[in-house]
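Notes follow the structure.
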Amino acid sequence: RPSEGASFDFTTSTQGAPLLALRVGTAAVTRAILDTGSNGFLQLPESLLAPLATQPAVAVLGSAQSGAFGKSKEGARLVWLTDVNLAGTTLTDMIGQVQPGGAASLGNRFFERTRIVLDWRTKQLHVAEPAKLGRVCLRTHGLGLTFADGAVRVSTVIESSSAARSGLAPGQRVLAVDDIDLRGGGLTEFARALEVVRDESRESLVVTIERDGKSIALELALEQILPR
């Protein structure tokens, strides 16, 4: 068992997913699902939608990949939260996503931000640095990518971002990200482009798209979107 960080008790769902106690503002739930896939986030029930929706928010245009086979609904909003409590530990500056119809999630890519150990025998979750589960702000260029019909395309664009101001829109074909040529439709190149797009340490990137039959290169800057 790790000696540093914080530990949280969890139960499991009938599908075997870890369930954690969580509070957002005055709303509480004892069965928030920890998604242990590549995105790593907390999935919340519909009862937490109301307190999430009262926070400052930006719209997400388009829909992103959800799991191995599905897509998220269009019309999602990103919210900034400062009062999230996980089993007695306060997690400041969390980014939440509210989906149409009441679904909600908190955080993203938990397993990349800090060391997390799930002890299935004792039913405890050990987090080396809980503060790193949140982000001080939402800093992004606003571009999401997807691979569809043998081509890389824009999947999502975040409101008020550099991508939005550049006129990017869901469905547009992406020909290159920096020096990664995506015109051949290879999955290896797509994976490399995703790494570049998801790299939060970069100040900017150049994306080349197809618009009106022409190749157009756009420089996108990482900017603070939330809090405004």
Side-chain angles (χ1 to χ4, degrees), residues 1-58 60 64 66-67 72 76-99 102-140 158 194-195 198-202 222 224-228:
R1 169 178 172 165
S3 58
E4 73 281 5
S7 297
F8 311 103
D9 295 328
F10 69 85
T11 58
T12 56
S13 68
T14 53
Q15 290 79 28
L19 302 174
L20 298 165
L22 184 72
R23 179 178 58 77
V24 180
T26 59
V29 62
T30 58
R31 295 170 62 85
I33 300 173
L34 174 63
D35 179 275
T36 55
S38 59
N39 284 329
F41 61 87
L42 284 166
Q43 181 179 329
L44 308 182
E46 188 174 351
S47 60
L48 286 185
L49 176 62
L52 285 175
T54 63
Q55 303 296 322
V58 292
V60 180
S66 180
S72 61
R77 291 173 295 134
L78 296 176
V79 297
W80 184 61
L81 303 163
T82 58
D83 189 13
V84 178
N85 191 286
L86 175 61
T89 298
T90 300
L91 305 177
T92 59
D93 306 312
M94 293 290 288
I95 299 297
Q97 179 165 296
V98 181
Q99 297 282 357
S105 62
L106 276 180
N108 191 31
R109 296 160 61 187
F110 283 158
F111 296 92
E112 297 179 23
R113 300 185 184 284
T114 183
R115 183 162 59 93
I116 297 177
V117 177
L118 280 164
D119 189 331
W120 295 97
R121 182 181 59 84
T122 62
K123 294 292 192 297
Q124 281 200 319
L125 172 73
H126 307 292
V127 182
E129 298 177 86
K132 288 189 176 180
L133 295 182
R135 285 181 280 187
V136 175
C137 62
L138 174 60
R139 190 168 175 270
T140 179
I158 296 177
L194 275 183
E195 288 184 7
R198 295 177 61 169
D199 186 351
E200 297 177 350
S201 67
R202 297 173 60 97
L222 267 75
Q224 180 173 313
I225 307 299
L226 287 175
R228 291 179 171 179

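Note that the structure is a prediction, hence the values are computed from the model and not measured.
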In chain order, what residues pass the side-chain hydrogen bond (donor to acceptor under 3.5 Å, both in side chains) check against Thr122, with sequence neighbours excluded?
Asp119
ring-ring contact (aromatic ring centres under 6.0 Å, His included) pairs touching residues 7-31, sequence neighbours excluded, are Phe10-Trp120
Please examine the side chains of Leu106 and Phe41, heavy atoms only from C-beta on, and report whether any two atoms are closer than 4.5 Å.
no
Looking only at atom types and distance, does a side-chain atom of Arg202 sit under 3.5 Å from a main-chain N or O of Leu222, one as donor and one as acceptor?
no
Hey, what do you get for CD1 (Ile158) to CG (Leu78), rounding to the nearest 0.5 Å?
5.0 Å
Side-chain donor-acceptor pairs of residues 12-22 under 3.5 Å, sequence neighbours excluded:
unit_1 : atom_1 : unit_2 : atom_2 : d
Ser13  : OG     : Gln15  : N      : 3.3
Ser13  : OG     : Gly16  : N      : 3.3
Ser13  : OG     : Ala17  : N      : 3.1

First locate atom OG of Ser105, then atom CG of Leu42, and finally report the distance between them rounded to the nearest 0.5 Å.
9.0 Å
Could you go through residues 23-36 and list every donor-acceptor pair under 3.5 Å that involves a side-chain atom there, pairing it with any protein atom two or more places apart or in another chain?
unit_1 : atom_1 : unit_2 : atom_2 : d
Arg23  : NH1    : Gly25  : O      : 2.6
Asp35  : OD1    : Gly37  : N      : 3.0

In Å and rounded to the nearest 0.5 Å, what is the CD to CG distance from Gln124 to Asp9?
5.0 Å
Looking at residues at least two apart in the chain, or sitting in another chain, which of them share a side-chain hydrogen bond (donor to acceptor under 3.5 Å, both in side chains) with Glu129?
Lys132
Interatomic spacing from CG in Leu133 to CZ in Phe110 - rounded to 0.5 Å:
5.0 Å
Less than 4.5 Å apart, side chain to side chain, heavy atoms only: is that true for Glu200 and Glu112?
no
CG-CG distance between Leu91 and Asp83, expressed to the nearest 0.5 angstrom
10.5 Å
Between CD of Gln224 and CG of Leu138, what distance do you get to the nearest 0.5 Å?
8.5 Å
Contact summary for Ile95 and Trp80, nearest pair of heavy atoms
CD1-CD1, 3.8 Å
